[in-house]
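Below is one structure; the comments refer to it alone.
Residue numbers run from 1 in the order of the sequence given. Values reported hereafter were calculated over all heavy atoms of this structure, with side chains retained and with hydrogens, waters and symmetry mates removed.
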Amino acid sequence: MTQVYLIRHGETEWNVARKIQGQTDSNLTQMGESQARQAGMRLQNMGITHIIASDLGRTRRTAELLAEYCQIEPTFDARLRELNMGILEQRCIDSLTEEEEHLRLQILNGNPDGRIPEGESLSELTARMRAVLDDCKKLPQGSRPVLVSHGIALGSLLGNVLGLPPYAERRLRLRNCSLSLVEGQNSPWLAPGWVVEFAGDTQHLTANALDEIQR
């Protein structure tokens, strides 16, 4: 059985400001750094063998803080980046025009053709995220990796494991530094392959964490 933990990055300045990040970057807040340290404390006695993170700054910093507790040098993989949000990146949600808000909602509301201009589709996002997960099977036997990524990216991956189409309505909340676990198994009572053990767990955090659009 292969276990892969999934962690969303800590709170960023743009999360707090309700600003669309996508593949543009924003620094972790003081709260975000604290969240990453709390996640690290939870992971430090769980036998983590690899920390593999998106190469964006907010995930890099989260991975570096996790590594202090797990005593593992993190590696970085661009396939774990957040959805490319195209022309909406760096925009405040509250400033979007009606047309721009319509574009944003297309990546949340189950539109099979949803794509923000100059961005990528959820199908493209899910394909690259799933490729990283499947590559975890190539790690040495007994490995227990952590993938550090982003809210929409991790939600798309978990939806894929559950058998949902990439464009399915978004109904899974993954707060900053929440922890999820998927397992590769062959149970007689579950479909073979990856299954979701739990998702979006924040019991290690001492304060409420944000999702992408909450204040």
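Under 3.5 Å, the side chains of Thr29 and Glu33 contain no donor-acceptor pair of N or O atoms. The closest side-chain donor-acceptor pair between Asp25 and Trp14, if any, does not fall under 3.5 angstrom. In this model, no donor atom of one side chain and acceptor atom of the other lie less than 3.5 Å apart for Asn109 and Glu169. Looking at Glu82 and Gln23, their side chains never bring a donor and an acceptor atom within 3.5 Å of each other. Donor-acceptor pairing under 3.5 Å is lacking for the side chains of Glu183 and Thr2. For the residue pair Glu89 / Thr24, a side-chain donor-acceptor distance below 3.5 Å is found, with atom types taken as modelled. With hydrogens and angles left out, the side-chain atoms of His150 and Arg58 include a donor and acceptor closer than 3.5 Å.
In summary, of the residues considered (Thr12, Thr202, Thr62, Asn15), a side-chain hydrogen bond (donor to acceptor under 3.5 Å, both in side chains) with Asn176 occurs for Asn15 alone. With Ile20 as reference, Leu88 is the one residue of Leu88, Ile116, Ile87 to meet the side chain to side chain contact (heavy atoms under 4.5 Å, CB included) rule.
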Any chance you could lay out the side-chain contact (heavy atoms from CB on, under 4.5 Å) test for Arg91 and Glu100, step after step, and finish with the verdict?
CA-CA 10 Å; Arg91 296 288 305 281; Glu100 289 169 337; 2.7 Å; yes

Applying side-chain contact (heavy atoms from CB on, under 4.5 Å) to Ile107 and Leu122, what does each step give before you reach the verdict?
CA-CA 7 Å; Ile107 62 172; Leu122 289 166; 4.3 Å; yes

side-chain contact (heavy atoms from CB on, under 4.5 Å) assessment of Gln30 paired with Gln35
CA-CA 9 Å; Gln30 184 176 357; Gln35 290 167 338; over 6 Å; no

Apply side-chain contact (heavy atoms from CB on, under 4.5 Å) to residues Leu80 and Thr59 and explain how you reach the verdict.
CA-CA 9 Å; Leu80 291 171; Thr59 36; over 6 Å; no

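For the side-chain hydrogen bond (donor to acceptor under 3.5 Å, both in side chains) condition, the pairs that include at least one residue of residues 68-78, sequence neighbours left out, are Asp77-Arg79. A salt bridge (Lys or Arg N to Asp or Glu O under 4.0 Å) check over residues 186-207, counting only residues at least two apart or in different chains, returns the pairs Arg42-Asp201.
Of all the heavy atoms in Gln3 and Pro145, the pair that sits closest is O-CD, 3.2 Å. The heavy-atom pair separating Ser178 from Arg175 by the smallest distance is OG-O, 2.8 Å. Among all heavy-atom pairs drawn from Leu66 and Gly40, the shortest one is CD2-N, 3.4 Å. Between Ile51 and Ile72, the shortest heavy-atom contact is N-CG2, 4.1 Å. The heavy-atom pair separating Cys136 from Leu147 by the smallest distance is SG-CD2, 4.1 Å. Across every non-hydrogen atom of Ser180 and Leu158, the tightest pair is OG-CD1, 3.9 Å.
Expressed to the nearest 0.5 Å, how far CG of Leu157 lies from CD1 of Ile152 amounts to 14.0 Å. In this structure, Leu190 CG and Asn186 CG are separated by 10.0 Å, a value rounded to the nearest 0.5 Å.
Using modelled atom types, no side-chain atom of Ser143 and backbone atom of Thr49 make a donor-acceptor pair closer than 3.5 Å.
Look at Lys19 and Glu13 and you find no salt bridge, because none of the NZ, NE, NH1 or NH2 atoms lies under 4.0 Å from a carboxylate O. Checked for salt-bridge contact, Asp55 and Arg60 miss the test: no charged N lies under 4.0 Å from a carboxylate O. Classification of Glu120 and Arg128 as a salt-bridged pair holds, one side-chain N sitting under 4.0 Å from a carboxylate O.
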